[in-house]
Every structure is written in C-alpha cells, then in structure tokens.
Amino acid sequence: MTEKLSAEEFDLNLAAVESRLTAALEKSGRKREDITLLAATKTVDAKTVNYAISKGIDYIGENKVQELLSKYNDIDPVHKHFIGHLQTNKVKDIIDKVELIQSVDSIKLAKEISKQAQKIGKTVDVLIEVNIGGEESKWGFTPENTAEAVAEIANLPNIAVKGLMSIPPVCNSAEENRKYFRKMYKLFIDIDSQKIDNSSMSILSMGMSDDFDIAVEEGATLIRLGTALFGKRIYK
Ligand SMILES: *Cc1c(COP(=O)(O)O)cnc(C)c1O
C-alpha cells in the first residue's frame with residue numbers, strides 16, 4: 001500500500017461507502033445490484049488499485065491518458081473506463097485499453113473513436129457527457145442538444161451509445177446537486193423513450209464522493225468515487 005493509505009484505512013473507507021450506499025438505496029427503494037461502483041483511480045498507485053480490486057472493486061476509471069498508460073500493465077484484470085476529457089489525438093492510445101469511454105463530449109471526438117475502433121475491429125461503448133449545469137468551463141453537450149448528439153453518434157460505425165454521464169457544478173452542499181441529478185434522470189428517461197436506433201439508455205453515470213447518495217436517490221446507475229475510497233488526493 002502507499003504511505004498515504006493503509007489497507008485498514010481503505011477497508012474502513014469502503015465499508016463507509018457501502019453503508020452510505022445502503023442508506024440511499026433504502027430511501028429510494030432500489031437494489032445494490034442496480035448500482036455500479038466505479039473507483040476513480042487518479043493519483044492512486046497500481047498497488048493500491050490492485051488492493052481495491054482484491055476487495056471487490058470491479059470497475060475503475062482513469063481521467064488522464066498518460067496516467068492510464070503508465071499504470072496499465074501493472075493493474076490486475078478489471079473493467080476499465082475512461083472518465084476524463086479526451087483529446088482526439090489521444091484516442092488511438094487508449095482505444096484498445098478501455099471497454100467504455102464515459103466522456104464523449106463532442107461529435108468530433110465520437111468520430112475519431114469510431115475511426116480508431118474500426119481500425120482495430122472493435123466496438124467501443126460510450127456515454128455522452130452532458131454539461132448539466134450549463135457551465136462555460138465544463139465539457140459536454142447542453143441538455144437541449146443531447147438527444148440529437150446521441151442519434152448522430154449512434155449512427156457511427158463501431159461505437160455503441162450506452163447512456164449519459166455528468167459532472168454537476170461544484171456546490172457548497174451535496175443537497176444542492178439534487179436538482180442537477182433530477183434533470184439528468186429526466187433527460188435519460190426522455191431520451192430512452194425516444195428509442196433512438198443503435199443506442200440504449202442503460203447507464204446513468206453521476207455522483208461522486210460528496211454526493212453519490214443523492215445521485216443514487218435520483219436514479220444514478222453508476223457512481224464514480226475517488227476521495228471516499230482512497231482519501232484526499234495530493235496534487236503536485
Ligand atoms: C476524480 C473524478 C471523480 C471522483 O471524484 P471524488 O470527488 O474524489 O470522488 C469522478 N469523476 C471524474 C470524472 C473524476 O475525474
């Protein structure tokens with residue numbers, strides 16, 4: 001393990017996450033198997049990631065290409081997602097290394113994923129990133145443009161749209177994000193009801209360490225947790 005995080009601390013963190021999750025599931029009448037817990041592993045070394053995997057973490061997400069590549073060979077078998085902003089010129093570096101790209105935030109990026117996926121004869125699952133808070137600083141499609149983007153991207157070869165992902169604005173309290181999670185769920189259901197060819201709305205990725213309970217209450221199917229599992233990151 002790392003100097004920053006002991007095995008015992010991770011075990012306690014995971015138990016605390018599961019108990020928050022249980023409370024949110026009880027409140028909303030949902031089941032544990034409806035939720036995928038993905039560990040956001042930025043800044044976490046491979047050894048610690050492998051420990052988390054040994055404790056039952058079966059999905060991990062990296063948000064930087066360089067970091068994903070540098071740890072890739074040292075990480076035990078697990079479902080791997082890409083969750084950060086992806087530059088088109090880096091798509092080829094990760095296309096064969098992740099099973100799902102959560103953060104498709106432009107048509108241009110989707111086209112490049114399609115192109116690179118064709119080259120290796122693979123179909124890549126993606127989520128469409130929605131800028132639900134309408135923030136200028138954030139990546140993603142506006143809620144108004146999302147259905148159209150899903151339709152256009154679903155039409156590309158070797159790419160399969162599986163749902164939506166969002167990172168709501170930074171709020172002072174988790175409760176403030178409830179309105180964004182509700183908006184996301186509504187959009188998710190609305191697009192699902194449109195039955196867009198070659199797409200499915202099966203994954204709604206929202207909720208992070210501070211607010212995943214609220215996201216689960218509001219319909220998230222996948223939560224992305226970093227700090228709650230691994231402790232505070234030290235950025236260099
Ligand atoms: C880091 C990260 C997370 C996890 O954030 P925490 O607040 O530490 O749980 C989730 N999603 C994305 C896209 C991230 O980059």
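Counting begins at 1 with the first residue of the sequence. Owing to the predicted nature of the structure, the values given are computational and were not obtained by experimental measurement. Counting starts at 1 for both ligands and their atoms, following the listed order.
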Structural part of [X] in contact with ligand 1, heavy atom criterion under 4.0 angstrom:
X	value
Leu225	backbone
Gln102	neither
Ala40	side chain

### Query
Can Glu62 and Thr41 be counted as having a side-chain donor-acceptor contact under 3.5 angstrom?
yes
Interfacing atoms of ligand 1 (cut-off 4.0 Å, heavy-atom, [X]):
X	value
Asn63	15 (O)
Lys42	1 (C), 2 (C), 3 (C), 14 (C), 15 (O)
Thr227	6 (P), 7 (O), 8 (O), 9 (O)

Report yes if the side chains of [X] and [Y] come closer than 4.5 Å at any heavy-atom pair, otherwise no.
X	Y	result
Leu86	Leu109	yes
Phe230	Thr48	yes
Lys186	Arg182	no

### Message
Within the supplied structure, the quantity of interest is the number of heavy atoms (other residues, nucleotides, ligands) at a distance under 6.0 Å from Glu99 CD; does it exceed 12?
### Response
yes
### Query
When you check the gap from the basic side-chain N to the acidic O, do Arg32 and Glu18 get nearer than 4.0 Å?
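Here Arg32 pairs with Glu18 in a salt bridge, since their nearest N and O are under 4.0 Å apart.
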### Query
Any N or O of Asp210 that comes nearer than 3.5 Å to an N or O of ligand 1?
no
